[in-house]
Amino acid sequence: MTSESARSFLGFGLGLRPQHYEAVLSEETGVDWFEAVTENYLVPGGKPLHYLESVRSRFPVVLHGVSLSIAGTDPIDFGYLDEVKALARWVEPAWISDHLCWTGVDGRNMHDLLPFPHTEQTLRHVAARVEAVQDHLGRPLMLENVSSYVSFADSAMSEAEFLRELAQRTDCLLLLDVNNVHVSAVNHDFDARGYIDRLPARSVWQIHLAGHSRQGEMLIDTHDAPVPEPVWALYEHAARRLGPVSTMIERDDDIPSLQVLAAELDRARRIALPLWERNVA
Amino acid sequence: MSALRAVQQQFQDYLLRPERVSGPETVAGASPAERRRRLDIYAEAYRMRLIEVLEGDFPAVKGALGASAFARIASRYVASHPSRSPSLRWYGRDFPAFLLDDAAPRSEAIVELARFEWLQGEVFDAPDAESLPAQALGEVPPERWPGLVLEPHPAVQRARFRYATPRTWSAVMAGDGARFETAPADWLLWRAGLDVHWRSLGPDESWAFEAMCGSVPFEALCAGLCRWHDGDAAAEAAVSMLARWLADGVIRAIRS
């Protein structure tokens, strides 16, 4: 299921945002596919579901969640998963992703992608939950690396090693957020290229590109700015190392027009396609 | 309790009460100050994210109160209302009631404004259903009219406001400032196409709409409208209301 030959390549995409609904359906932008934030569509009806239906009928769509809390220690929320499953039944996403993080304990949701220590114990814990989720959904789960501002003294492996082991043990897929690698590399002083080199290439099925902001010596994952030069450089490294991987720009705030984002996405094409010309027709 | 759970509880405690706890001891850092500086990025983001959600759901309340007063009240709400839902869509559900308890001036009118904004959200993404077309009434045989029962569209809401709250909302959103005029009335909110609409209801129509939602048959509806209309005028008023409801798209089905 995760062999490189089986990896779906959707091309170059964007995060689906409400302010772009009409433009997505009426303008020629060359955007190949869209990623919808799962929770935004877990509503009974109305405009969000109407536009998601229209978009999915014209473009490949993937679902990207923020509330799975795969590394959490509360019981897995199967009610939430049932809602995701019902949404996926009619959206028919190419895949379903969430984040390698936890979002709250004791029934609370901090609505953030929170870090945890990377140890053999936490790896076993997360792997068991990934398998339970994959069994429930009846499909592989894709997990994204998050930006972080703290690390833990008792971590026994790097996040990249953790992801590599997790993918090997569970056959889950990986979503590489290149900006998040850069942000965490600056905040924790590690080698971003080495991080990408340690990932199992065949498991990486999607790439996020985004911008960030600076707060003193720290980089903050704000996703509210154009993709900066260090992230483009790291993307080129990832594209060379990983081969053809569906790539998209994820912009969450200060969102410009669809045309502006589509033009930014063209830069990803110009970087990656020459590297992949033997693999992508 | 596993070590991971203990770390997560300490981490979450820090996000909820950064001034009172120190966070997990295993967070790496050259000094306690550096650990706190890093944890504070999460704590501040948590607070700001939820305030932004409230700003998005209650833009007219923010406009009426002013940005800084809104931020103060929203901060208190965030401090006392941790989210328990996977989706932020429902985070502001208790905000209108919270405003009532808050010491804000004009709180009763502000609460109404908040209730109105939350109701708009409920109409906005309520379940989808086809509305009955206007010509449907013409297809009902005369002998079935007395027993006619109507089923409202699931996106319809009816609300009673003491102030001219929907007009206040429009004024604030247009940048004209908030004026809170006392004007008790019932209001109907519904979805036409994908957009939220509303209009005020007279006392007769408000009563009739509530009766209709309670499955009162058409004959009883006409009888009830005699409180406001004489004789045949009651039936005419009922038919006229039905036609308007169908034109607005607030009826899902007719049963008889």
Side-chain angles (χ1 to χ4, degrees), chain A residues 21 38-51 53 65-69 71-74 77 79-81 83-84 102-117 119 121-122 125-126 148-155 187-188 215-218 220-222 253, chain B residues 1-16 23-29 34-50 52-53 81-91 121-129 153-155 191 193-196:
Chain A
Y21 282 154
T38 307
E39 285 73 8
N40 291 350
Y41 301 94
L42 298 182
V43 293
K47 191 177 277 189
L49 297 186
H50 168 85
Y51 278 105
E53 170 60 34
V66 293
S67 291
L68 180 56
S69 199
T73 51
D74 277 1
D77 186 347
Y80 163 76
L81 274 185
E83 286 188 64
V84 174
W102 62 286
T103 60
V105 284
D106 299 328
R108 292 177 174 175
N109 194 326
M110 299 291 101
H111 300 287
D112 202 349
L113 311 171
L114 301 170
F116 59 97
T119 66
Q121 188 186 20
T122 59
H125 172 74
V126 175
S148 64
Y149 315 109
V150 303
S151 58
F152 294 87
D154 54 337
S155 278
N187 292 344
H188 305 305
Q215 187 174 308
E217 295 173 355
M218 304 279 283
I220 309 295
D221 167 29
T222 43
D253 218 338
Chain B
M1 182 169 58
S2 74
L4 179 60
R5 187 163 184 82
V7 166
Q8 291 179 348
Q9 285 177 329
Q10 290 161 12
F11 203 114
Q12 181 169 284
D13 272 354
Y14 191 88
L15 301 193
L16 296 171
E25 289 178 2
T26 52
V27 165
E34 190 198 339
R35 285 198 290 275
R36 183 168 282 276
R37 186 165 54 84
R38 287 175 176 262
L39 284 167
D40 279 345
I41 294 172
Y42 291 98
E44 182 62 11
Y46 167 72
R47 201 177 66 83
M48 292 307 296
R49 183 175 305 107
L50 294 182
E52 278 175 20
V53 168
H81 289 71
S83 172
R84 294 182 177 276
S85 165
S87 172
L88 286 166
R89 164 70 182 86
W90 315 110
Y91 181 66
E122 299 214 322
V123 173
F124 174 79
D125 57 17
D128 295 316
H153 189 281
R191 196 166 70 210
L194 298 171
D195 298 320
V196 180

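Numbers restart at 1 for each chain; the letters A, B, ... are given by sequence-line order, proteins then strands.
Contact of the A:Met110 side chain with the B:Leu16 side chain is registered, since non-hydrogen atoms from C-beta on lie closer than 4.5 Å. At least one side-chain heavy atom of A:Tyr51 sits less than 4.5 Å from a side-chain heavy atom of B:Leu194. With a 4.5 Å cut-off on side-chain heavy atoms, B:Ser87 and A:Leu42 do not count as touching. With contacts defined as side-chain heavy-atom distances shorter than 4.5 Å, the pair A:Phe116/B:Val7 does not qualify. B:Ser85 is not listed as a side-chain neighbour of A:Asn109, based on a closest heavy-atom distance of 4.5 Å or more.
Salt bridge present: B:Arg5 and A:Asp106 bring a charged side-chain N and a carboxylate O closer than 4.0 Å. A salt bridge links B:Arg49 to A:Asp112: at least one charged side-chain nitrogen sits closer than 4.0 Å to a carboxylate oxygen.
What you find for A:Tyr149 and B:Ile41 is that their closest heavy atoms are CD1-CG2, 3.6 Å. Of all heavy-atom pairs spanning B:Ala126 and A:Pro44, the tightest one is C-CB, 3.9 Å. Minimum interatomic distance between B:Leu4 and A:Pro117 (heavy atoms only, all atoms of both residues): CD1-CD, 3.9 Å. Nearest heavy atom pair, residue B:Leu39 against residue A:Val150, reads N-CG1, 4.0 Å. Between B:Ala3 and A:Gln121, the shortest heavy-atom distance links the atoms CB-OE1, 4.4 Å. The two residues B:Tyr42 and A:Leu113 have their closest heavy-atom pair at CE2-O, 4.3 Å.
A:Tyr80 touches chain B through its side chain: at least one heavy atom from C-beta onward sits under 4.5 Å away, while N, CA, C and O do not. Interface residue A:Ile220: only side-chain heavy atoms are found under 4.5 Å from chain B. Heavy atoms of A:His50 lying under 4.5 Å from chain B belong exclusively to its side chain. Looking at A:Asp77, only its side chain comes within 4.5 Å of chain B, counting heavy atoms on both sides. With a threshold of 4.5 angstrom between heavy atoms, A:Ser148 approaches chain B through its backbone and through its side chain.
Once rounded to the nearest 0.5 Å, the distance linking OG of A:Ser151 with CZ of B:Arg35 reads 11.0 Å. The line from CZ of A:Arg108 to OG of B:Ser83 is 10.5 Å long, rounded to the nearest 0.5 Å. How far CZ of B:Arg89 is from CG of A:Asn40: 11.0 Å, rounded to the nearest 0.5 Å.
Aromatic ring pairs are classed by plane angle as parallel below 30°, tilted from 30° to 60° and perpendicular above 60°; the pair B:Phe11 and A:Trp102 is perpendicular.
The residue among B:Val196, B:Asp195, B:Val123, B:Leu88 with the most heavy atom pairs within less than 4.5 Å of chain A is B:Leu88. With chain A as the partner, the residue from B:Ala45, B:Pro24, B:Ala129, B:Pro127 showing the most heavy-atom pairs under 4.5 Å is B:Pro127. With chain B as partner, the option from A:Lys47, A:Gln215, A:His188 having the largest number of non-hydrogen pairs under 4.5 angstrom is A:Lys47.
Surrounding CD of B:Glu25 are at most 12 heavy atoms belonging to other residues, nucleotides or ligands under 6.0 Å away.
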